[in-house]
Novice: 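What follows is a structure written as structure tokens; I'll ask about it next.
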2 protein chains.
Amino acid sequence: MTAQAREEARPATISRVAELAGVSRATVSRVMNGSSTVAPELSERVRAAAATLNYQPSVLARSLAVGRTSTIALVVPDLANPMFQDVLRSLSHAAATRGHRLLVADSEENVAEEGLIAVEARRRCDGLVLCAPRMPDEELAALAPQLAPFVLVNRDTAGLSVPSVNVDYAAGMRDLVSHLLGLGHRRFAYLAGPPTSSSNQLRLSTLRGFAAAGKLELAELDCGATFSDGHAVAGRLIDGVCTAVIAYNDLVAFGALSGLHELGVSVPHQISIAGFDDIPFARYTTPPLTTASVPPSEIGQEAWQRLWSLLGGEPAAPDIQFRPRLVVRGSTGPAA
Amino acid sequence: MTAQAREEARPATISRVAELAGVSRATVSRVMNGSSTVAPELSERVRAAAATLNYQPSVLARSLAVGRTSTIALVVPDLANPMFQDVLRSLSHAAATRGHRLLVADSEENVAEEGLIAVEARRRCDGLVLCAPRMPDEELAALAPQLAPFVLVNRDTAGLSVPSVNVDYAAGMRDLVSHLLGLGHRRFAYLAGPPTSSSNQLRLSTLRGFAAAGKLELAELDCGATFSDGHAVAGRLIDGVCTAVIAYNDLVAFGALSGLHELGVSVPHQISIAGFDDIPFARYTTPPLTTASVPPSEIGQEAWQRLWSLLGGEPAAPDIQFRPRLVVRGSTGPAA
DNA sequence: TTGTATGCGTTATCAC
DNA sequence: GTGATAACGCATACAA
């Protein structure tokens, strides 16, 4: 490669455009940003020069000068979860409407590194949407200054004055329980998610409330958050310990459903089973899954809306809590 | 807010650390990067100063100076497609192993803007993984210089010398057809994906080859790439035009399956149906879906591996083509 | 309206 | 080993 070729290979800079157009860099900058009033003649010269050099302003240098990257970060505990995928998609779309791009970081359920990942991701962007349901309150509070501006999704704010968009898991759980009680169920099993998950704690405490009130008997089974977790626990459901199963989420419910099917247990005739989230394919399982529907794409939109306010130096809209919608499908039926 | 408070609110810079530690910025930089040999005493002073000021180097400024962002972009046509979600996840994980972050851009099936989006996303990063199956060859060729270094996923390279990781759709389709022929099917319907999709063209031409050879009769039904596309077309399958249906992808197959179920058509007894991709829930539909399995997470890994080579100035590994694996499940059976 | 000069926060080159 | 100083590429007060 000749020296000249190498020179041409390197992206053109604003200086070279200015030189070619016979103007100052400032003028080029003004033209490129469409700002100020530049003489039509000069403007045209600049455009021509930019075109021949195939000039593209450096986003990096621009960001450094302006102090803004037009990029936000999303940190989630598990990209494999359809819930987060939908949040990702809707957040990406919403941010795009304001010319912002999305940087995605997956902590891979690694609670220990979650904080570092979040901080690191945040430092590359202007703001952050954080889904870290298992991060301890103290850690979150300690990290908050480094994460700001940011918005919390799917966890309580730990007393911080941080905008959040949440789901009213307690209400969703109450609806599911009421539905199952109405079908005559009294002996319940809960397939518990990650113990440190705040949403799991909310669901669990709601169930315990019912149990304490004598409305139902509750068996708590440690499980997890994935399909295989649910699948693995199916064997423990067939000893007649319960007639109704509520899973931590749809994924777990799916797994249990599949496992029970393999064990020859008929759902909902022998056991009713309900999930949580209403992920896209919940309606296409066999039988279709009764669940509490949370709207992930609205979550992304609301999160963006709040982060956008923060980026503009304005106060964010009030915290929002989505009330899950009970969706009754074929996986729940009258108690045996 | 007082002037002092505002000053403290602004992130500390390398200059302030240098000032506090009584050294030059260069020394601070050396300490922070663990490079060179710095006198232990100075090193300690710098660390202390950095700690008290809560100093975090600016990624932005660093990127500008080094000429590298340690970020790559992924452009996909549809984030809602589970296939791309898996590619996203695996690419993100693979890149993370080398300290790289992932910027994601969704063209939302908007072929017209896909080029602009790709270029814009690329300019924020060091490299790009491009899934743009519908982008015309000429446009891709024209954009290539601006996109480099980049890797193509899921489309032919249009004669460009660009690393690519692909799926051998023709082979997968041949396996599906052989399977169905073996079950006695002769009258086939193909639920066609987007006409401009290169993978759709590959699947279609393979099917036409069988038809031309007199091995089967082929009805081509314009459809699409989504669940609802498949659902909408179900009504056109019940006039006895075929005994076997091959869908553009699993999503479409799902939709058709669901639509046929609503129409009271029994699968696979009246009609056999097969998908393509083997997305996670393909095995949990009713009946479970026969499909050609492509490994999305390996796609992400292979794409990263090639991009990583390119970023290092080395030639990328040879193009790779994954051979889909035929997965026979309950949605296909003997011809009626 | 246009140009000059300076700042954005680093890293890297070169003297010392 | 350490410190000035010049890049990196752009935006923007300020002056003209």
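Below, chain A is the first sequence line, B the second, and so on; all start at residue 1. Being a predicted model, the structure only gives us computed values, none of them experimental.
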Novice: Counting only side-chain nitrogens and oxygens, does A:T37 get under 4.0 Å of the OP1 or OP2 atom of C:dT1?
Specialist: yes
Novice: Going by distance alone, is a donor N or O of one side chain under 3.5 Å from an acceptor N or O of the other, for A:D126 and A:T69?
Specialist: yes
Novice: From the list C:dG9, D:dG3, D:dC10, which nucleotide is the closest neighbour of the side chain of B:T13?
Specialist: C:dG9
Novice: Under 6.0 Å between ring centres: does that hold for A:H93 and A:W304?
Specialist: no
Novice: Scan B:Q56 against the nucleic acid and name what it touches under 4.0 Å (heavy atoms): base, sugar-phosphate only, or nothing.
Specialist: sugar-phosphate
Novice: Write down the distance between CZ (A:R124) and P (C:dG9), rounded to a whole number of angstrom.
Specialist: 18 Å
Novice: Give a yes or no on whether a donor-acceptor pair under 3.5 Å exists between the nucleobase atoms of D:dT12, that is its base, and the side chain of A:R62.
Specialist: no
Novice: Tell me: CE of B:M32 to P of C:dT10, nearest whole Å?
Specialist: 9 Å
Novice: Would you say B:S24 places a side-chain N or O within less than 4.0 Å of OP1 or OP2 belonging to D:dG3?
Specialist: yes
Novice: In residues 44-54 of chain B, which residues come under 4.0 Å of DNA chain C by heavy atom?
Specialist: none
Novice: Measure the spacing between SG of B:C125 and CZ of B:R68 and express it to the nearest 0.5 Å.
Specialist: 14.0 Å
Novice: For the helix from C:dT1-D:dA16 to C:dC16-D:dG1, how many degrees between its two end axes (five pairs per end), to the nearest 10°?
Specialist: 40°
Novice: Classify the side-chain pair B:T71/A:R124 by whether it contains a donor and acceptor separated by less than 3.5 Å.
Specialist: yes
Novice: Mind checking side chain to side chain contact (heavy atoms under 4.5 Å, CB included) for A:A142 and listing every partner two or more places apart, or none if nothing turns up?
Specialist: none
Novice: Sub-3.5 Å donor-acceptor pair from the side chain of A:R306 to the main-chain atoms of A:V151, do we have one?
Specialist: no
Novice: Test of understanding: with side chain to side chain contact (heavy atoms under 4.5 Å, CB included), list the residues that count as partners of B:P194, not counting sequence neighbours.
Specialist: B:R134, B:S197, B:A225, B:Y248
Novice: Under 4.0 Å, heavy atoms only, any strand: does A:S29 hit a base, just the sugar-phosphate, or nothing?
Specialist: base
Novice: Please compare B:G22 and B:L64 by the position of their nearest nucleotide in DNA chain D and report the one closer to 5'.
Specialist: B:G22
Novice: For A:R25, does its backbone N or O pair with a side-chain atom of A:S29 as donor and acceptor, under 3.5 Å?
Specialist: no
Novice: Taking CZ from B:R16 and C1' from C:dG9, how many angstroms apart are they, rounded to a whole number?
Specialist: 13 Å
Novice: Figure out the CG/P separation between B:N33 and C:dG9, and round it to whole Å.
Specialist: 17 Å
Novice: Could you run down the sub-3.5 Å N/O contacts of the protein with nucleotides 13-16 of chain D?
Specialist:
none

Novice: To the nearest Å, how far apart are A:Y55 OH and D:dG9 C1'?
Specialist: 7 Å
Novice: If you check every side-chain atom of B:V23, which of C:dT2, D:dG3, D:dG9 has the closest atom?
Specialist: D:dG3
Novice: In this structure, how many angstroms lie between the P atom of D:dG3 and the CD1 atom of B:I14, rounded?
Specialist: 12 Å
Novice: Between B:T13 and B:Y55, which heavy-atom pair has the shortest distance, and what is it?
Specialist: C-CE1, 3.5 Å
Novice: Could you report the tightest heavy-atom contact between B:A49 and B:A21, atom names first, then the distance?
Specialist: CB-CB, 3.8 Å
Novice: When the distance from CD of B:E19 to C1' of C:dG9 is rounded to whole Å, what number comes out?
Specialist: 15 Å
Novice: Select one nucleotide: of C:dT2, D:dG9, C:dG9, the one nearest the side-chain heavy atoms of A:L42.
Specialist: C:dT2
Novice: Please check: side-chain N/O of A:S90 versus main-chain N/O of A:S297, any donor-acceptor pairing under 3.5 Å?
Specialist: yes
Novice: Take the protein atom CZ of B:R25 and the nucleotide atom C1' of C:dG9, then report the distance between them rounded to whole Å.
Specialist: 8 Å
Novice: Filter on salt bridge (charged side-chain N to carboxylate O under 4.0 Å, His left out), then keep only pairs touching residues 136-152 of chain B, sequence neighbours left out; what's left?
Specialist: B:D137-B:R155
